[in-house]
Amino acid sequence: MLDIKVIRQNADWAKEKLATRGIKPEEIDKVIEIDQKRREALNKSETLKAKRNQVSKDIAQAKRNKEDASEAIKAMREVGGQIKQLDQEVEDLTEKQRYILLRLPNFPADSDPIGPDESYNQEVRKWEEPTKFDFKPKAHWDLGTDLDILDWDRAAKVSGARFVYYKGAGALLERAVFNFFLDENTKEGYTEIIPPYLVNDASMQGTGQFPKFHEDVYTIVDNDDPDKPRDLTLIPTAEVPLVNYFRDEIISGDKLPINVTALSPAFRSEAGSAGRDTRGLIRMHEFRKVEMVKVCKPEDSWNQLEELTHNAEHLLQKLGLPYHVVALSTGDASFTSAKTYDLEVWMPAQDKYREISSCSNCTDFQARRAQIRYRDEDGNLHLAHTLNGSGLAVGRAVAAIMENYQNEDGSITVPEVLVPYMNGMKKIVKQDSLI
RNA sequence: GGAGAGUUGGCAGAGUGGUAAUGCACCGGACUCGAAAUCCGGCGAACCAAGUUGUACUUGGCGCGCAGGUUCAAAUCCUGUACUCUCCUCCA
């Protein structure tokens, strides 16, 4: 959520910044106008309340002296009514203002490429050249089926489209990958967390998924009354429980920056992406992801974003997967982010880079919604800055490993760093069928 | 799922309709060569608004888990709700 004071005091700047993210300047004018009215009503109400408090004291005194106070009580009855009316007005205006503010995205950083969509993203750097093959590389979904380590048909039977069974060496590979990620992140100074996978609405709002992105997630309903959603949603990313861990907390300044990492499933309805990435591990309703979250001081967050990005890159480098880093344009960056670097890994069968990590500095946008604050050496309170990044998406990493490490005979060489995590297995070959 | 108890400042803890005791902690001062003890004074965090102005202060609002209601006035009465604890039930 943006700071209404910042908008109020720098209206033109705010309009200009948000225009690059597709927000019309009239929206800003509207919220400023509402704010103006709100403060006027608030002032009137507070003046009357001050009066009421004073008179109430007098009434109490009069009663103690056994004097008659019916005159004052009568007058206050009227004032009470006015206050009620004004407070209602303030509440309505606050609600209107909040409605707009909760739906405005974060201010983009000055360094963001300006443009309405992903075609304006800029490559920042590239690591290694795309993998070369002297045969035609297979797509990971075919490799998975042929090796009998991924079972799409039975997942479709049991759950539906965009679900998968990992089997045998496939399951082992998935587990190896996320354990490797968690171990590496821990070595880099992140504290491992196992968070809840169901969160309440306040948490979804704290990190910015709600109120705008309801349709992207799965919310639990009461079986007795399916129209009534419970206050629980399956997390679309561990970012939600990790950032909300700090919600409504005051952190001691000397603890910052705080780094946490968690493996979790991520549940996404993928509404609006029908027809895209219909095959393979790229776009699932349920996938595992290791997430990294940082909470830091405002002056430190841009350095922390670079560090976070490097932490994620380090994982790809150790796995030997070619990738490049892309700075997202103002129109493509996520709602909460001021600046985002996407890491895109090379996918040979598609002959292109695909997103495997998104590292964002959310500045104080989430912290304001979630009231994440810290106390500095002087005892003053400030909003913290929050950052999050995948480190990494597990399913997509498995897909990238399968495609980049495939051999002509259809087997998959296990990346060296994963061999210990695979109980010494160096190559994945065709598995026996279960049935 | 059922029953009961609880939620008040950094901590402890009183307060059954008149505007949040008290203690500890903390901050300032006195005493002292200095410290401790003692004494005096201050002190709920956060938030919002207005003003002086400039970033600190003044005034006001708000503030007793949260949200409503009753009342001239609510920590206190009423309703709803969240969470914590105990017991029962169920359960990996």
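Per chain, numbering begins at 1; letters A, B, ... match sequence-line order.
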Chemist: Quantified in whole Å, what is the P atom distance between nucleotide B:G61 and nucleotide B:U7?
Modeler: 28 Å
Chemist: Before you tell me yes or no, could you show the steps for A:Phe365 and A:Phe335 under ring-ring contact (aromatic ring centres under 6.0 Å, His included), namely the whole-Å CA-CA distance, both residues' side-chain angles and the distance that decides it to 0.1 Å?
Modeler: CA-CA 10 Å; A:Phe365 190 85; A:Phe335 183 71; 5.5 Å; yes
Chemist: Is any side-chain N of the basic residue among A:Glu40 and A:Lys37 closer than 4.0 Å to the acidic one's carboxylate O?
Modeler: no
Chemist: In whole Å, measure the gap between the C1' atoms of B:U70 and B:C77 for me.
Modeler: 8 Å
Chemist: Which nucleotide in the list B:G61, B:U19, B:G68 gets nearest to the side chain of A:Ser56?
Modeler: B:U19
Chemist: Take atom C1' in B:G34 and the same atom in B:A46, then report the distance between them in whole Å.
Modeler: 39 Å
Chemist: When you get a sec, tell me which of B:G61, B:A49, B:C72 is the closest nucleotide to the side chain of A:Asn53?
Modeler: B:G61
Chemist: Which value, in whole Å, describes the distance between the C1' atoms of nucleotides B:A67 and B:C62?
Modeler: 16 Å
Chemist: Work out how far the P atom of B:C31 is from that of B:A36, and round it to whole angstrom.
Modeler: 15 Å
Chemist: Give me the distance, rounded to whole Å, that separates B:U71 from B:G17 when you measure between the C1' atoms they each carry.
Modeler: 9 Å
Chemist: With heavy atoms under 4.0 Å as the rule, sort A:Arg8 into base, sugar-phosphate or nothing.
Modeler: sugar-phosphate
Chemist: Side chain of A:Ala50 only, please: which of B:G60, B:A49, B:C72 is the nearest?
Modeler: B:G60
